[in-house]
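Note sheet for the following structure.
Residue numbering restarts at 1 for every chain, and letters A, B, ... go by the order of the sequence lines.
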Amino acid sequence: MNKIVKKEILSENVVKFEVEAPLIARSRKAGHFVIVKVGKYGERIPLTIAGADLEKGTITLVIQRIGKSSKKICALDAGEYITDLVGPLGQATHIEKFGTVVCACGGVGTAPMLPIVEAMKKAGNKVITVQAARTKELIILEREMQEFSDEVVIMTDDGSYGKKGLVTNGVEDVINREKVDLCVTIGPAIMMKFVSQLTQKYDIPTVASLNTIMVDGTGMCGACRVTVGGKTKFVCIDGPEFDAHQVDFDEMMMRLNAYKGIE
Amino acid sequence: MATTEEIKARRSESWREELRRNMKNKERADLPRVHMPELDPEYRSHNYEEVNLGLNAEQAMAEAQRCLDCPVPTCMTGCPVEINIPTFIKNIERGEFLEAAKIVKETSALPAVCGRVCPQEKQCESKCIHLKMGKDPVAIGHLERFAADYERESGKISVPEIAPPNKIKIAVVGSGPAGLSFAGDMVKLGYDITVFEALHEIGGVLKYGIPEFRLPNEIVDVEIDILAKMGVKFITNCIIGKTISYEDLHQDGFKGIFIASGAGLPNFMNIPGENLAGVLSSNEYLTRVNLMAAAKEGADTPVFHGKKVAVIGGGNTAMDSVRTARRLGAEKAMIIYRRSEEEMPARLEEVKHAKEEGIIFLTLHNPVEYSGDEKGRVTQMKLQKMELGEADASGRRKPVEIEGAIDLVDVDMVIVSIGVSPNPLIPSAFKGLDISRWGTIIVDQDSMQSALPDVYAGGDIVRGGATVILAMGDGRKAAAAMNKALSSL
Ligand SMILES: Cc1cc2nc3c(=O)[nH]c(=O)nc-3n(C[C@H](O)[C@H](O)[C@H](O)COP(=O)(O)OP(=O)(O)OC[C@H]3O[C@@H](n4cnc5c(N)ncnc54)[C@H](O)[C@@H]3O)c2cc1C
């Protein structure tokens with residue numbers, strides 16, 4: 001049982017929690033995730049750790065309401081408990097000084113990008129964050145991104161905020177303007193697929209953090225398997241980050257829909 | 001471990017001598033082996049009720065009479081935890097059922113579990129004297145289950161004696177049979193035991209793998225409860241090597257560590273189409289249904305109810321998966337196995353039960369490819385027909401392809417159940433362990449000690465996928481050796 005000490009509504013469908021988890025706060029690194037379950041018969045779902053406070057012994061989770069289980073978690077209030085929480089899981093992001101790093105994110109991928117932006121900046125990189133959403137109200141964590149980025153580019157589909165266009169338009173503008181040494185992308189599978197296609201065209205090394213279906217999150221079930229460079233990998237223990245240019249995104253999208261309609 | 005003298009002393013107690021006098025060996029040997037009552041196959045293949053119903057007192061006492069109470073009980077050598085088999089059976093014969101349960105619990109932390117899932121035909125029962133005379137072995141497994149169930153249902157569960165606490169902290173990684181058996185032995189010796197479990201439930205495979213119709217979770221919980229009453233502390237949702245490191249354990253004052261993290265990583269065949277939606281590992285399928293209760297009303301975890309389900313493999317896990325699929329409404333539930341039935345590693349009883357439940361057995365068939373629809377869902381599998389060739393290193397005849405003999409079979413779900421590998425997490429988190437080519441931890445065969453002096457290991461993490469009782473035997477061995485090492489400090 002882990003207590004929720006703070007809850008903040010970031011946008012219509014996105015909630016931020018600070019949760020007591022002192023051991024995880026101590027051992028987690030950028031890129032790690034946790035598995036969370038609410039209620040005796042709740043589902044185990046993976047959530048990236050968006051940050052941690054060592055003194056308070058808390059971790060930050062940002063959750064987007066999409067399915068039954070994420071709605072259930074979002075409905076919890078400060079003072080209430082998460083029934084089961086385990087982590088940190090997965091391989092931490094490979095952080096070093098690359099030079100200029102573009103962090104391209106959108107939707108569910110924005111919160112997990114935050115600790116990577118922070119860690120990349122602290123490692124001495126020039127960090128340009130390209131953040132995308134359908135419309136202005138859905139842009140979250142902008143202030144936090146500003147804090148650790150050299151530049152934040154906002155893209156909206158409808159042009160209501162920042163520039164009008166997709167995340168790929170924003171990334172391409174940066175590429176055309178200056179030398180980019182690494183691109184990191186987190187978001188819906190379709191978004192990562194297009195970012196990956198774009199950077200491949202320009203020969204820019206790219207890392208994608210994949211958010212597949214998982215059950216245990218410790219390598220036991222294989223629900224999360226993806227094809228990377230023609231080989232099957234488990235996102236939970238081999239990932240979640242992979243060389244985006246090697247990932248079979250089409251297969252991943254089909255697997256993400258495996259339980260559509262029976263949930 | 002029981003010495004020959006101890007076995008002899010117990011055997012010469014007067015009540016036992018009298019029992020032996022009461023009936024001639026010849027008469028005992030002529031009694032037919034008891035038949036385990038079970039649910040009707042048609043009825044049971046639509047629900048989760050336990051298939052085997054257990055013996056009643058009369059049946060158990062009659063079966064106990066079949067045991068000849070041999071002076072040198074070979075059955076005990078077939079038991080990795082060395083249960084004093086004749087002593088508990090003779091207690092059943094004289095109607096002292098609680099005493100029988102107590103004897104079993106002297107060396108086994110999980111009697112009700114072993115009585116249900118041990119491959120007795122390969123262990124104790126394979127050494128029974130009756131076999132030498134061409135008769136059926138004594139149903140030791142059924143009797144073990146009877147003793148444990150009787151005690152539980154009587155409400156008079158005895159808690160084994162505990163030595164005074166010695167305040168030495170010991171950590172156990174993983175709460176499957178290896179970890180539980182180790183914890184039970186060590187807590188009896190007075191150690192301060194904490195079991196760390198990665199999942200949200202205690203029990204390892206007993207909970208997430210083996211289904212309710214074979215081993216109800218309730219039964220496992222009672223045995224875990226006894227360990228808790230003996231003073232074992234359980235911490236769930238804690239991954240050693242992730243949440244807490246090896247160094248953290250030292251800092252927290254743990255003087256010994258037993259790794260029983262199992263072989264949880266499912267193997268796949270790496271054939272085309274294996275990543276289609278609807279193709280999943282048996283671990284995923286069984287975890288959804290058993291641990292996450294996906295088929296129950298009110299559970300949030302989804303599970304696909306396939307109508308035409310193929311399960312690849314011939315072990316216990318494959319049988320559990322295919323019988324689960326049947327219970328979830330599969331009209332056609334198939335076992336696809338590349339060897340013949342004779343080589344199947346599953347317990348005999350599981351194969352028998354599966355057949356009774358209408359499972360189709362496609363032996364000497366091996367999948368080579370899956371194909372799917374436009375949405376990426378599996379719809380068909382391509383099977384290569386096989387025949388048996390020469391015996392291989394394992395002594396089993398090797399399956400070889402019959403050229404050009406291909407079958408196409410329609411499916412809407414495929415469950416891959418071709419074995420498991422050790423989870424790489426622990427080996428990579430404990431620097432200094434010796435790891436084999438298969439990813440298992442290398443230990444000294446007698447003491448179960450690893451290359452790190454304070455770290456012992458046992459169960460599937462050492463053997464690769466094996467059995468409950470072998471895992472428990474390792475736990476006992478490690479406990480004895482660690483106790484010896486710590487006592488001589
Ligand atoms: C479906 C199925 C059916 C089976 N049927 C039979 C049968 O009928 N008879 C039989 O004898 N055997 C059977 N087996 C095999 C048997 O269950 C195993 O051999 C046995 O459970 C191994 O015990 P173990 O203690 O080594 O590991 P496990 O039971 O696998 O337990 C390991 C535990 O450790 C936990 N863990 C792993 N890593 C960590 C970590 N880093 N930190 C904390 N915890 C960790 C895991 O979550 C797990 O709970 C079956 C197996 C399966 C999968």
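Counting heavy atoms of neighbouring residues, nucleotides and ligands inside a 6.0 Å radius, atom NZ of B/K382 does not exceed 12 of them. Shown here is B/E218, whose CD atom has no more than 12 heavy atoms of other residues, nucleotides or ligands within 6.0 Å. Heavy-atom neighbours of B/K169 NZ from other residues, nucleotides or ligands within 6.0 Å: above the threshold of 12. Heavy-atom neighbours of A/E96 CD from other residues, nucleotides or ligands within 6.0 Å: above the threshold of 12.
No other option in B/L425, B/V420, B/N283 has as many heavy-atom pairs under 4.5 Å with chain A as B/N283. Counting heavy-atom pairs under 4.5 Å between each of A/M254, A/R225, A/R255 and chain B puts A/R225 at the top. Ranked by heavy-atom pairs under 4.5 Å with chain A, the list B/K296, B/R377, B/E274, B/M292 is led by B/M292. Contact count versus chain B (heavy atoms, under 4.5 Å) is highest, among A/K37, A/M220, A/K72, for A/M220.
When all heavy atoms are compared, the tightest approach of A/V215 to B/R288 is CG2-NH2, 3.7 Å. Here the closest heavy-atom approach between residue A/C221 and residue B/S281 is recorded as O-OG, 2.6 Å.
Only the backbone of B/L276 comes within less than 4.5 Å of a heavy atom of chain A; no side-chain atom from C-beta onward does. Of the atoms belonging to A/R26, it is side-chain heavy atoms, and not backbone ones, that fall under 4.5 Å from chain B. Proximity to chain B (any heavy atom under 4.5 Å) is shown, for A/I45, by neither the backbone nor the side chain. Heavy atoms closer than 4.5 Å to chain B are found in the side chain of A/I237, but not in its backbone. Residue B/E374 touches chain A through its backbone alone, counting heavy-atom pairs closer than 4.5 Å. Interface remark: B/Y208 contributes side-chain atoms only to the contact with chain A (heavy atom separation under 4.5 Å). Looking at A/K231, there are no atoms closer than 4.5 Å to chain B (heavy atoms on both sides), in backbone or side chain. Looking at B/V416, neither its backbone nor its side chain comes within 4.5 Å of chain A, counting heavy atoms on both sides.
The residue from A/V226, A/T232, A/D248 that alone fulfils the side-chain contact (heavy atoms from CB on, under 4.5 Å) condition with B/N275 is A/T232.
Using a 4.5 Å cut-off between non-hydrogen atoms, the part of residues 263-270 of chain B that approaches chain A consists of B/G264, B/L265, B/P266, B/F268, B/N270. Within residues 238-246 of chain B, the residues that have a heavy atom under 4.5 Å from a heavy atom of chain A are B/C238, B/I239, B/K242, B/T243, B/I244, listed by number.
Under a 3.5 Å cut-off, the side chain of B/N423 and the backbone N or O of A/T218 do form a donor-acceptor pair.
Atom NZ of A/K40 is separated from atom CD of B/E201 by 6.0 Å, given to the nearest 0.5 angstrom. For the atom pair A/L23 CG and B/N237 CG, the distance stands at 11.5 Å (nearest 0.5 Å).
Between the side chains of B/T236 and A/D84, no donor-acceptor pair of N or O atoms lies under 3.5 Å.
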